[in-house]
A.B. asks: 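First the structure, which I've put down as structure tokens, then a few questions once you've had a look.
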Amino acid sequence: QVQLVESGGGLVQAGGSLRLSCAASGRTFGSYSMGWFRQVPGKERELVAAIWSGGSTYYAESVKGRFTISKDNAKNTVYLQMNSLKPEDTAVFSCALRQGIYSERPAHYDYWGQGTQVTVSS
């Protein structure tokens with residue numbers, strides 16, 4: 001069983017930065033991916049960034065050049081550095097884990113964190 005705990009959300013002004021962390025406990029085997037999703041009320045979860053254990057990364061077009069995903073294997077932690085934040089980035093951000101390469105579909109992920117609110121004021 002894997003548990004994921006996010007931290008780092010909060011309120012920031014447009015143009016500001018936040019760094020989200022997702023600490024994983026439990027064992028993962030072989031190839032796996034961790035993704036950061038965001039969701040706003042009335043909309044489906046959207047994959048914004050993901051990283052595969054082999055090193056490949058994925059970014060949604062809307063965050064390319066602004067967000068950076070990274071991982072610290074020693075700490076079993078994945079980070080999402082968010083720069084140049086915009087009001088439209090406001091959402092609940094959740095990290096998730098799946099075996100194998102990342103997928104844009106939330107249903108393909110087996111484990112989820114509880115989510116952390118990110119609010120960007122204009």
A.B. asks: Looking only at non-hydrogen atoms, find the nearest pair between Phe37 and Pro106 and report the distance.
C.D. replies: CE2-CG, 3.7 Å

A.B. asks: Calculate, to the nearest 0.5 Å, the distance between atoms OG1 and CZ belonging to Thr116 and Arg38 respectively.
C.D. replies: 14.5 Å

A.B. asks: Taking all heavy atoms of Lys43 and all of Gln39, pick out the closest pair and write down the distance.
C.D. replies: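 So the two residues come closest at O-NE2, 3.1 Å.
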
A.B. asks: Does Leu20 form a side-chain contact (heavy atoms from CB on, under 4.5 Å) with Met82? I'd like the steps, not just the answer.
C.D. replies: CA-CA 8 Å; Leu20 305 182; Met82 304 185 294; 3.7 Å; yes

A.B. asks: For the pair Trp36 and Ile69, evaluate side-chain contact (heavy atoms from CB on, under 4.5 Å) and give the outcome as yes or no after the intermediate values.
C.D. replies: CA-CA 9 Å; Trp36 281 100; Ile69 191 169; 3.7 Å; yes

A.B. asks: Working to the nearest 0.5 Å, report the span between OG of Ser122 and NZ of Lys86.
C.D. replies: 14.0 Å

A.B. asks: If I take atom CG from residue Asp89 and atom OG1 from residue Thr119, how far apart are they, to the nearest 0.5 angstrom?
C.D. replies: 11.0 Å

A.B. asks: Compute both the distance and the angle, then confirm whether Arg98 meets the cation-pi test with Trp52: under 6.0 Å from the six-membered ring centre, within 45 degrees of the axis.
C.D. replies: no

A.B. asks: With the side chain counted from C-beta on, respond yes when Ser70 and Gln81 share a heavy-atom pair under 4.5 Å apart, and no when they do not.
C.D. replies: no

A.B. asks: Going by heavy atoms in the side chains, are Ser31 and Gln99 under 4.5 Å from each other?
C.D. replies: no

A.B. asks: What closest approach, in Å, do Asn83 and Ser17 show between heavy atoms, and which atom pair accounts for it?
C.D. replies: OD1-OG, 2.9 Å

A.B. asks: Return the OG to OH distance between Ser103 and Tyr58, rounded to the nearest 0.5 Å.
C.D. replies: 9.5 Å

A.B. asks: Checking Cys22 against Met34 for the side-chain contact (heavy atoms from CB on, under 4.5 Å) test, could you report, in this order, the C-alpha distance in whole Å, the side-chain angles of both residues, the deciding distance, and whether it holds?
C.D. replies: CA-CA 9 Å; Cys22 176; Met34 293 187 72; 3.6 Å; yes

A.B. asks: Evaluate the criterion side-chain contact (heavy atoms from CB on, under 4.5 Å) for residue pair Leu11 and Val118; output intermediate values, then yes/no.
C.D. replies: CA-CA 6 Å; Leu11 173 65; Val118 171; over 6 Å; no

A.B. asks: Ring centres under 6.0 Å, that's the criterion: do Tyr102 and Tyr109 meet it?
C.D. replies: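 Centroid distance Tyr102-Tyr109: not below 6.0 Å, so no.
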
A.B. asks: Might you point out which heavy atoms bring Tyr32 and Asn73 nearest each other, and give the distance in Å?
C.D. replies: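 Shortest heavy-atom separation between Tyr32 and Asn73 comes out as OH-OD1, 4.4 Å.
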
A.B. asks: Quick check on the hydrophobic clustering: are Val48 and Trp112 connected, directly or via other members, by side-chain heavy-atom contacts under 4.5 Å?
C.D. replies: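 Different hydrophobic clusters.
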
A.B. asks: If you group Ile, Leu, Val, Met, Phe, Trp and Tyr by side-chain heavy-atom gaps below 4.5 Å, do Tyr79 and Val92 land in one group?
C.D. replies: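 Different clusters.
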
A.B. asks: What pair of heavy atoms forms the shortest contact from Glu46 to Ser62, and how long is it?
C.D. replies: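 Here Glu46 and Ser62 meet closest at OE2-OG, 3.7 Å.
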
A.B. asks: May I ask you to check whether over 12 heavy atoms, not counting those of Gln3, lie within 6.0 Å of atom CD?
C.D. replies: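 No, CD of Gln3 has 12 or fewer neighbouring heavy atoms, counting only those of other groups under 6.0 Å.
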
A.B. asks: Taking all non-hydrogen atoms of both residues into account, name the closest pair between Thr77 and Ser21 and its distance.
C.D. replies: CG2-CB, 4.2 Å

A.B. asks: Given the rule that I, L, V, M, F, W and Y join up when any side-chain heavy atoms are under 4.5 Å apart, are Ile101 and Ile51 in one cluster?
C.D. replies: no

A.B. asks: Would you give the length of the straight line joining atom CZ of Arg66 to atom OG of Ser84, rounded to the nearest 0.5 angstrom?
C.D. replies: 7.0 Å

A.B. asks: What distance separates Thr57 OG1 from Phe67 CZ, expressed to the nearest 0.5 Å?
C.D. replies: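 One gets 14.5 Å once the value is rounded to the nearest 0.5 Å.
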
